[in-house]
Amino acid sequence: MKAMYLHLCRTHHLFYDGREQLGRFLRGIGLSVEGALQFFQQQFTAKLSVEKFNREYAYNIRYLYGLEGRRVPLGSLPCSVLMKTRPTGQQCHGCPFVYMQDGALEAFLRSLRLGDEAVGNIVAFAKEHRVEVAVRAASEA
């Protein structure tokens, strides 16, 4: 989530899959629909108008909370789904321990101010496709 959040802060945009993944996560940790709308609006309106945000993006957030469409609140995506997701181009959703190349993953981990040993271990675990171990090591570092 951190990589996606940093991407959002830098570009003020997420593609659909990224908005869905982050929106579901925010709902899963207890953020209200009003809080989620405010969060996404604050980020997106750095590049577009509030009217365009409301017209093109707010519905999707309300949908995730069960206020639109089928009216079924959607929970967070499980790790098994995130690990199968392969972002393309400038997309940044999915599990960074799976989709990031070694150099990009290392740079991302260093941006989180992790020590050299921790970064080396995490990158090695990810390279060996031991994603769960890499995630655990990152959360403990």
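Any value given below was found using the heavy atoms of this structure, including those in side chains, with hydrogens, waters and symmetry copies removed.
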Atom of Asp102, atom of Lys127 and distance for their closest heavy-atom approach: OD2-CE, 2.9 Å
Shortest non-hydrogen contact from Gly94 toward Pro96: O-CD, 3.6 Å
Contacts of Tyr57 that satisfy side-chain contact (heavy atoms from CB on, under 4.5 Å) - sequence neighbours left out: His13, Arg19, Phe44, Leu48, Phe53
Arg136 and Glu132 ion-paired at < 4.0 Å: no
Co-membership, hydrophobic cluster, residues Phe125 and Val131, 4.5 Å side-chain: no
Least distance between heavy atoms, Ala36 atom then Ile61 atom: CB-CG2, 3.9 Å
Min side-chain heavy-atom separation Ile29-Leu26 under 4.5 Å: yes
Side chains of His12 and Gln43, donor plus acceptor under 3.5 Å: yes
Closest non-hydrogen atom pair between Phe97 and Leu109, with its separation: CE2-CD2, 4.5 Å
Polar side-chain atom of Gln42 near backbone of Phe39 as donor-acceptor pair, under 3.5 Å: no
Heavy atoms from other residues, nucleotides or ligands near CD of Glu68 exceed 12 (cutoff 6.0 Å): yes
Steps toward side-chain contact (heavy atoms from CB on, under 4.5 Å) verdict (Leu22, Phe40): CA-CA 10 Å; Leu22 185 56; Phe40 279 107; 4.0 Å; yes
Pairwise side-chain contact, Met4 with Met1, heavy-atom cut-off 4.5 Å (strictly under): yes
Heavy-atom donor-acceptor pair, Arg24 side chain to Gly75 backbone, under 3.5 Å: yes
Residue pair Arg71 / Tyr63, side-chain donor-acceptor N/O under 3.5 Å: no
Arg55 vs Glu51, salt bridge (charged side-chain N to carboxylate O under 4.0 Å, His left out): CA-CA, chis, key distance, verdict: CA-CA 6 Å; Arg55 189 174 58 249; Glu51 293 79 22; over 6 Å; no
Which atom of Ala134 lies closest to which atom of Ala126, heavy atoms considered: CB-N, 4.0 Å
Least distance between heavy atoms, Ala141 atom then Leu114 atom: CB-CD2, 3.7 Å
Could you give the side-chain donor-acceptor pairs of residues 78-87 under 3.5 Å, partners two or more places apart or in another chain?
{"from": "Thr85", "atom 1": "OG1", "to": "Val81", "atom 2": "O", "distance (Å)": "2.9"}
{"from": "Arg86", "atom 1": "NH1", "to": "Met83", "atom 2": "O", "distance (Å)": "3.1"}

Any donor-acceptor N/O pair, Tyr99 side chain to Cys92 backbone, under 3.5 Å: yes
